[in-house]
Amino acid sequence: MGYLLCFCQLLERLDDKEYLRVIGAAGFSKDDKKLHPTAAGMLMFRNEYDIVRYFPEYFFDYRENPDTVIRWSDRLQSSSGEWPGNLFDFYFRVYNKIIKDIKVPFKIQGGFRIDDMPVHRALREALANCIINADFYGKYGILIIKEETKIILENPGYIRPGKEQMRRGGKSDPRNKN
């Protein structure tokens, strides 16, 4: 815990450009020696209309399908122009949508209410893995569908370690390490 606290204190002291470089969102170009956004930085923080210049198939789509009669009752897509359409915003917007119906029992621990249930942690992990392991150079985009009894998370690409290793767990091979 001490190391993490020291690292966070170090990050707080950095100016904006150095902070972006340290977290991998920007890097110095070999050509002009200037600081430019990395692919990770662009995907995380830029606007969708900038991102599609470098990743033409970039597209995020979240839909709520409460039943089979209605195509969707709520939809969030990266190209709507109503929000930046980047990874950072998509993650938090979708996470808040998928947890809104989760029942949280009353629980106090150490004088504080516990609102974070195991299902919350599982959903954060699943959503983060869907994004981290997406192939942004491939066809199609990320699709999240919330139905009455299930949540479907789809991304372009394949399971790099293989299905058997994925089922066993214990080994990670993220496509987008930054």
If you look at every heavy atom in [X] and [Y], which pair is closest and at what distance?
{"X": "Lys97", "Y": "Lys146", "answer": "O-NZ, 3.2 Å"}
{"X": "Pro156", "Y": "Gly141", "answer": "CD-O, 3.4 Å"}
{"X": "Glu57", "Y": "Gly138", "answer": "CB-O, 3.2 Å"}
{"X": "Lys33", "Y": "Phe28", "answer": "O-CD2, 3.5 Å"}
{"X": "Leu153", "Y": "Ala126", "answer": "CD2-O, 3.8 Å"}

Determine whether [X] and [Y] make a side-chain contact, defined as any pair of heavy atoms from C-beta on separated by less than 4.5 Å.
{"X": "Arg93", "Y": "Trp83", "answer": "yes"}
{"X": "Met44", "Y": "Phe88", "answer": "yes"}
{"X": "Asp61", "Y": "Arg75", "answer": "yes"}
{"X": "Ile144", "Y": "Ile152", "answer": "no"}
{"X": "Arg63", "Y": "Asp74", "answer": "no"}
{"X": "Glu154", "Y": "Ile142", "answer": "no"}
{"X": "Ile114", "Y": "Ile108", "answer": "no"}
{"X": "Ile131", "Y": "Asn155", "answer": "no"}

* Please step through side-chain contact (heavy atoms from CB on, under 4.5 Å) for the pair Glu82 and Leu76, ending with a clear verdict. => CA-CA 9 Å; Glu82 297 170 1; Leu76 174 72; over 6 Å; no

* In terms of side-chain geometry, is the basic nitrogen of Lys107 or Asp115 positioned less than 4.0 Å from the acidic oxygen of its partner? -> no

Could you check whether atom [atom1] of [X] has more than 12 heavy atoms from other residues, nucleotides or ligands sitting under 6.0 Å from it?
{"X": "Lys150", "atom1": "NZ", "value": "no"}
{"X": "Trp72", "atom1": "CH2", "value": "no"}
{"X": "Asn96", "atom1": "CG", "value": "yes"}
{"X": "Arg71", "atom1": "CZ", "value": "no"}
{"X": "Phe55", "atom1": "CZ", "value": "yes"}

Given the rule that I, L, V, M, F, W and Y join up when any side-chain heavy atoms are under 4.5 Å apart, are [X] and [Y] in one cluster?
{"X": "Val52", "Y": "Tyr54", "result": "yes"}
{"X": "Val119", "Y": "Tyr95", "result": "yes"}
{"X": "Leu11", "Y": "Leu35", "result": "no"}
{"X": "Ile23", "Y": "Leu10", "result": "yes"}

* **Asp135 side chain to Tyr137 side chain, donor-acceptor N/O pair below 3.5 angstrom** => no

Interatomic spacing from [atom1] in [X] to [atom2] in [Y] - rounded to 0.5 Å:
{"X": "Gln77", "Y": "Glu48", "atom1": "CD", "atom2": "CD", "result": "9.5 Å"}
{"X": "Leu143", "Y": "Ile145", "atom1": "CG", "atom2": "CD1", "result": "4.0 Å"}
{"X": "Asn129", "Y": "Arg124", "atom1": "CG", "atom2": "CZ", "result": "13.0 Å"}
{"X": "Gln9", "Y": "Leu14", "atom1": "CD", "atom2": "CG", "result": "12.5 Å"}
{"X": "Asp101", "Y": "Glu64", "atom1": "CG", "atom2": "CD", "result": "7.0 Å"}
{"X": "Leu20", "Y": "His36", "atom1": "CG", "atom2": "NE2", "result": "13.5 Å"}

* To do: Carefully, step by step, assess Ile99 and Leu123 under the rule side-chain contact (heavy atoms from CB on, under 4.5 Å).
  => CA-CA 8 Å; Ile99 66 163; Leu123 288 169; 4.0 Å; yes

* Step by step, would you call Ile51 with Asn86 a side-chain contact (heavy atoms from CB on, under 4.5 Å)? -> CA-CA 8 Å; Ile51 296 169; Asn86 59 42; 4.1 Å; yes

* To do: Would you please indicate if the ring centroids of Phe90 and Phe92 are separated by under 6.0 Å?
  => no

* To do: For residues Tyr140 and Phe59, establish whether the separation of their ring centroids is below 6.0 Å.
  => no

* Asked: Using 30° and 60° as the class limits, which term best fits the ring planes of Phe60 and Tyr58: parallel, tilted or perpendicular?
  -> tilted

